[in-house]
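All ligand and atom numbering here is 1-based and tracks the order in the structure.
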Amino acid sequence: MDKALFAEHALLPSGWARDVLLCWDAGGHLTSVTPGSAAGSAPRAAGPVIPGMPNLHSHAFQRAFAGLTEYRAQAQDSFWSWRELMYRFAARIAPESLQAIATWLYVEMLEAGYTSVCEFHYVHHEPGGRPYADDATLSLALLRAAQAAGIGITLLPVLYQASGFGGQAPRATQARFIRSTDNMLSLLERLAPAAQAQQAVLGLAPHSLRAVPPDSLRAAVAGLTALDARAPIHIHIAEQQQEVQDCLAWSGRRPVQWLLEHASVDARWCLVHATHMTPDEYLAAARSGAVAGICPTTEANLGDGIFDMPLWLQRGGAWGVGSDSHACVNAAEELMLLEYSQRLSLRQRNVLAGAGQPQVGTALWLAAVQGGAQAAGRAVAGLAVGQRADFAVLDAGHVALAGLPVEALLSAHVFASSRGNALQGVWTGGAQRVVAGRHALHARAAQDFIAARAALIA
Ligand code: NGQ
Ligand code: ZN
């Protein structure tokens, strides 16, 4: 029998609607979304209902490392010096610590409005590079963490084979990441039953053009397509100027240009970061149908640069947000920084309002849900029939929101809710995971996370 929730206000893909009755089936998919309904016997939502946000880019283990690189270690620190420190940390991750970190991270995500996650997972092997007795050990730890927290997951095992363009041999610090293309495809086959059992989607993440030589990229995409023609493909691309220079030196092409010329990039693809593109690349990449995977707080933290949102939107590009290194785990804050970075560089306001949606918070939230769902390859595109019942209830009594006109609620949530989380309840697949702002596992998962982190940094 269907379950239901009645919301006086709900944010549908077309905008705010009144008196909306949401119904979903036992599988967790919405079967009806009806504005202008009577509540009937359905429970009433305690506040306005908004769609849950898919998080399109996560390296879960890095959550335990957040905050630990905010000191000067050399005359001029950079993305690359951060990466050295991150590698040292990655070298210590174990199956138990990964599961504890990821479980807590996913609890935090749910409490902050993310209802699904795309896990770009590249630490595969034992320290030193020997495969675990069960080669899928660390991937399974992530699936288990998602299952325990109740977050939807798209698991993207990462293909990593080289330390730089032109197939340069991997470094010792990258030994845990390396898999042959065949080995990657067998991992995907090995993971399929476990993924299916929890309605997870499997995809593939060629780490970057630095890490995956052309032949491997071609073979891996073909192999993935043979397994599942709709499986998502995510890649880090054009994040740093150095990467663009190295790609030019190697191929005479810029990274996005090279990718578009050598792979059949389409709506299955998520171009993560894609910060450094020429206007022609913005046009061609947007036209390909790929999602731009923007990670505003990580890109700021690592000194990447600013993605040109107006240009991307002008070209009709799809986009979503990811929390990547997890310096910040809050969907609203990612969207705030995304808009603010544009304001700072353009010296304008309300840059990312939509044509039909003047409220910046609402325009951002709805667009990021659509793009995030596309990147996840799951039915998580908001409050519409056939999509999963993934949603959050705003706390209408929160000081930041109380008494505001409904049109302004999401802008207030994104730009003005301060430290207090204005989310009251969060549901995934129709099951309530967060009650009164707290996940049931909050205390336990926090404790396990703290213990795991302490052991890792000891
Ligand atoms: C990663 N993170 O794989 O964790 C990367 C750094 C690299 C970001 N790009 C390593 N934000 O790109 O080589
Ligand atoms: Zn990343």
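L30 pairs by the side-chain contact (heavy atoms from CB on, under 4.5 Å) definition with L22, W24, V33, L383, A389, not counting sequence neighbours.
When H442, H439, R433 are each tested for a side-chain hydrogen bond (donor to acceptor under 3.5 Å, both in side chains) with E111, only one passes: H442.
Contact residues for ligand 1 (protein heavy atom closer than 4.0 angstrom to any ligand atom): H59, Q62, F79, W82, R83, M86, Y122, H207, R210, H236, E239, H273, L302, D324.
The Zn ion (ligand 2) has H57 NE2, H59 NE2, H236 NE2 as protein N, O or S atoms under 2.8 Å away.
Dense packing is recorded around CD of Q432, with more than 12 heavy atoms of other residues, nucleotides or ligands lying under 6.0 Å away. Annotation for R444: atom CZ does not count as buried by contact number, only 12 or fewer foreign heavy atoms lying within 6.0 Å. Residue R287 qualifies as open at atom CZ: its count of foreign heavy atoms under 6.0 Å is 12 or below.
With 3.5 Å as the limit, one finds a donor-acceptor pair spanning the side chains of E108 and W104.
Between the side chain of H59 and the main chain of F120, a donor-acceptor pair closer than 3.5 Å is present.
The cationic atom of R349 (NZ for Lys, CZ for Arg) does not lie both less than 6.0 Å from the six-membered ring centre of F415 and within 45° of the ring axis.
Counting only residues at least two apart or on different chains, the side-chain hydrogen bond (donor to acceptor under 3.5 Å, both in side chains) pairs with a member in residues 221-230 are T225-R268.
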